[in-house]
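Read through the structure below, which is laid out as structure tokens, and then see the notes.
The sequence lines fix the lettering, A, B, ..., with proteins before strands; numbering per chain opens at 1.
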2 protein chains.
Amino acid sequence: MKPKIKLDKIDRRILEILQANAKITNAQLANEIGLSPAPTLERVKKLEVSGIIKSYHATLNNEKVGLGVSTFVMVSLKGHNKTNIEAFTQAINEIDEVIECHHITGSGDFILKIIAQDIAAYQKLMLEKVTNIEVVDNMQSLVILSTFKDSKVMPIP
Amino acid sequence: MKPKIKLDKIDRRILEILQANAKITNAQLANEIGLSPAPTLERVKKLEVSGIIKSYHATLNNEKVGLGVSTFVMVSLKGHNKTNIEAFTQAINEIDEVIECHHITGSGDFILKIIAQDIAAYQKLMLEKVTNIEVVDNMQSLVILSTFKDSKVMPIP
DNA sequence: TCTTCGCACCAAATAATATTTTGTGGTTCA
DNA sequence: TGAACCACAAAATATTATTTGGTGCGAAGA
């Protein structure tokens, strides 16, 4: 039996705050939501245990670590059958530079997000690892020129 | 003068660990990288101050908070001039459901990532907020059917 | 080569923070 | 009405972060 969780206004506020800043102390968080530390912590733990909060991550400045190029890649497979899809996703999973892989509607089948040092490294990566995945029919790269928004805060309904 | 930062193997390991799990304690982190807590903390602080670590975020389970639909949207503007681009990015910035906005090469001009409760909410959002941005010429929605990879860990070169 | 400086580190003390415990009031349901 | 259950607050305790002082090593200059 899955425990049905309903979020009240305070829970939603907690989620909003922790998405924006996971490093806030429990005391500060308590203060912001207008409760004392004990029940605040209880709520956070409950959100974690229930799986509503999945994980916590540090976000890096990609340029500063030497990752200057990000792209989206639209991929079509040779066939849409389960075997090919599994072969593809498995191959993708082994490539660290592919940080996202989504199955989508529309003309293509998949959209990937890929990170690389520069265009040269990107080209090398594509040629050596991505292009020669057997089941891939066709690919189109969209290079990100600049990013205007990259929010880590989902709008909780 | 920007302080040129060079990362050694230990720094890269720290970044890798904190990207995967920002909630690790300093003592645990120290243990994993084979240093004592003091210099470990020093390194982390240095990475934060230098801006290599940008921020820390909680990641949610979108389905569990009632956000069942994610899409990519390819957008073409009526003209590629600076004025139109600024008008567009500003309009986009006010829509919480648009969590990413990138300027890209290729036939379209922008790619957006949008989150909504369900298809009905998505349609409403598009009709009421996105479609009628004045400078938008053409849009194509790609609905995410499933996500096979969504890594928060960048491969540091 | 010798000396000195500065850096990265460790161990241990201290400060801050998380977490647990205990008790209270309000709400629901039999 | 009253029993059981929550959600909460205050305060005690445990855990963790942070600071301090001291050591050794490597690089730069005499």
Are any of A:K46's side-chain N or O atoms less than 4.0 Å away from OP1 or OP2 of D:dA7?
yes

D:dT18 phosphate, OP1 or OP2: any side-chain N/O from B:K45 under 4.0 angstrom?
yes

Between P of D:dT16 and CD1 of B:I24, the distance in whole Å
12 Å

Taking NZ, NE, NH1 and NH2 as the nitrogens, is one of them in A:K45 or A:E42 under 4.0 Å from a carboxylate oxygen of the other?
no

To the nearest angstrom, the CD-P distance between A:Q28 and D:dA17 comes to 16 Å

Give a yes or no on whether the ring-centroid distance for B:F148 and A:F88 is below 6.0 angstrom.
no

Closer than 4.0 angstrom, basic N to acidic O: yes or no for A:R13 and A:E32?
yes

Just wondering, are more than 12 heavy atoms of other shown residues or ligands nearer than 6.0 Å to NZ in A:K23?
yes

Integer-rounded Å distance: C:dC7 P and B:I10 CD1
17 Å

Proximity to DNA chain D (any heavy atom under 4.0 Å), residues of residues 33-43 of chain A only:
A:L35, A:S36, A:A38, A:P39, A:R43

Let me know the distance between CG of A:N26 and P of D:dA9, rounded to the nearest Å.
12 Å

B:N31 CG - D:dT16 C1' separation (whole Å):
15 Å

Residues B:E100, A:K152: salt bridge by 4.0 Å N-O rule
no

Decide whether A:T59 and A:H57 meet the rule of one side-chain donor and one side-chain acceptor closer than 3.5 Å.
no

